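Only one structure is covered here, and it is reproduced in the block below.
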Number of protein chains: 2
Amino acid sequence: MNIGEVSTRAGLPAKTIRYYEDIGLIKPLRDTNGYRAFRQQELHKLTFLARSRALGFSIEDCRILLQLYEDQGRSSADVKAIARDHLSQIEQKISDLNDMRETLTHLVDACAGDDRPDCPILNSLGVGR
Amino acid sequence: MNIGEVSTRAGLPAKTIRYYEDIGLIKPLRDTNGYRAFRQQELHKLTFLARSRALGFSIEDCRILLQLYEDQGRSSADVKAIARDHLSQIEQKISDLNDMRETLTHLVDACAGDDRPDCPILNSLGVGR
DNA sequence: ACTTGACCTTCCCCTTACTGGAAGCCCTAT
DNA sequence: ATAGGGCTTCCAGTAAGGGGAAGGTCAAGT
């Protein structure tokens, strides 16, 4: 398989796949013409990566998850720990964003949004508290 | 005021303040010794920037908001439009993160987290769907 | 045989919003 | 004179790729 086909199958841009090779997540063989020659193994890994990334795991988390995935002697506790940490970071982000949403919603609602300069949004951001 | 004092007052790292000057958000004067000499004006702007950034506005949004803040002839509609766009992006992010949280929560709950290799999290990320 | 177009390669710069660190000047106190 | 802290610039790096140039390769059509 060339990179184009793998790209379609894994649902990842070719650029991303080359990048993943660069940082050592996959190690595809090479054809005599220099083209990358992907095996099923790499396709599986890339699919794994695409799904992990879609769940918001960082590349470094993905690297570890991939190792665990390939390690038949792993402990599920190690996987769970990574996932739980990641989950709590997501919850923190959601909480932060909810705070922003709350504030912004109030401000947007309070702003007339007409051609006059008076604006509660700017009032809130500016020095006058 | 030197950068240290402004940093404390605005609640922004000195590095960040220098960066904001670099990209043209503020233009502090200079003392004869080369030190930046901040006026009230810059302190106000930096406070404005700190608050805008805390609400998640991008630097480019902040740049425009700052211009509107200083423009007495502005229309509040322009401010409101930026805030509303930003709000909807935040809501989109929250929604994406909620999806991730949902999935991750289920997976984490399903994983035994012991010393055995069997793991629903990896099963879900791997090829076997 | 030749050309065309799609595909592949590497390489380098760009992005966001800073952060860290090195090398060196300035100022004040002891 | 020296120590310290604060200030300066500049360089490099972060996360995770994206854009695009310059050029090699392959398969199909003429």
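Since this is a predicted model, take the numbers as computed values, not measurements. In what follows, every chain begins at residue 1, and chains take the letters A, B, ... in the order their sequences are listed.
- Not a single donor-acceptor contact under 3.5 angstrom links the side-chain atoms of Tyr19(A) to the base of dG18(D).
- Taking only side-chain nitrogens and oxygens, Tyr35(A) never comes nearer than 4.0 Å to OP1 or OP2 of dC26(D).
- In this entry the distance linking CG of Asp31(B) with P of dC7(D) reads 11 Å, nearest Å.
- Distance CD1 (Ile59(A)) to P (dG18(D)): 11 Å, rounded to an integer number of Å.
- Regarding Arg30(A), its CZ atom lies at a distance of 14 Å from the P atom of dT25(D), rounded to whole Å.
- Distance, Arg53(A) CZ to dA15(D) C1': 8 Å, rounded to whole Å.
- First and last contacts of DNA chain C with chain B, using any nucleotide atom under 4.0 Å from a protein heavy atom and ordered 5' to 3', fall at dA17(C) to dC27(C).
- Which of dC7(D), dT8(D), dC26(D) sits closest to the side chain of Arg18(B) comes down to dT8(D).
- A donor-acceptor pair shorter than 3.5 Å cannot be found between the side chains of Asp118(B) and Ser76(A).
- dA15(D) atom C1' lies 11 Å from atom OH of Tyr20(A), rounded to whole Å.
- For the pair Ser58(A) and dA15(D), the criterion of a side-chain N or O lying under 4.0 Å from OP1 or OP2 is not met.
- Residues Asn33(A) and Leu12(A) both approach DNA chain D. Their nearest nucleotides, taken by heavy-atom distance, put Leu12(A) toward the 5′ side.
- Distance, Lys93(A) NZ to dA15(D) P: 13 Å, rounded to whole Å.
- Across all non-hydrogen atoms, the minimal contact from Leu55(A) to Met100(B) is O-SD, 3.4 Å.
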Evaluation steps, salt bridge (charged side-chain N to carboxylate O under 4.0 Å, His left out), between Lys45(A) and Glu70(A)
CA-CA 10 Å; Lys45(A) 284 196 186 185; Glu70(A) 313 237 288; 3.5 Å; yes

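- Between Asn2(B) and Lys15(B), the residue whose closest nucleotide on DNA chain D is further toward the 5' end is Asn2(B).
- Taking both residues in full, the closest heavy atoms of Leu125(B) and Leu65(A) are given as CD1-CD1, 4.3 Å, listed atom of the first, atom of the second, then distance.
- Atom C1' of nucleotide dG18(D) and atom CD1 of Ile17(A) are separated by 14 Å, given to the nearest angstrom.
- Using modelled atom types and a 3.5 Å distance limit, the side chains of Asp96(A) and Gln92(A) yield a donor-acceptor pair.
- Contacts of Ile3(B) with the nucleic acid, taken as non-hydrogen atoms under 4.0 Å apart, involve only primed sugar atoms and P, OP1 or OP2.
- Considering every non-hydrogen atom in both Ala14(A) and Ser7(A), the closest pair reads N-OG, 3.7 Å.
- Protein atom CG of Leu29(B) is 17 Å distant from nucleotide atom P of dC7(D), rounded to whole Å.
- Taking a 6.0 Å sphere around CZ of Arg116(B), one finds it holds 12 or fewer heavy atoms contributed by other residues, nucleotides or ligands.
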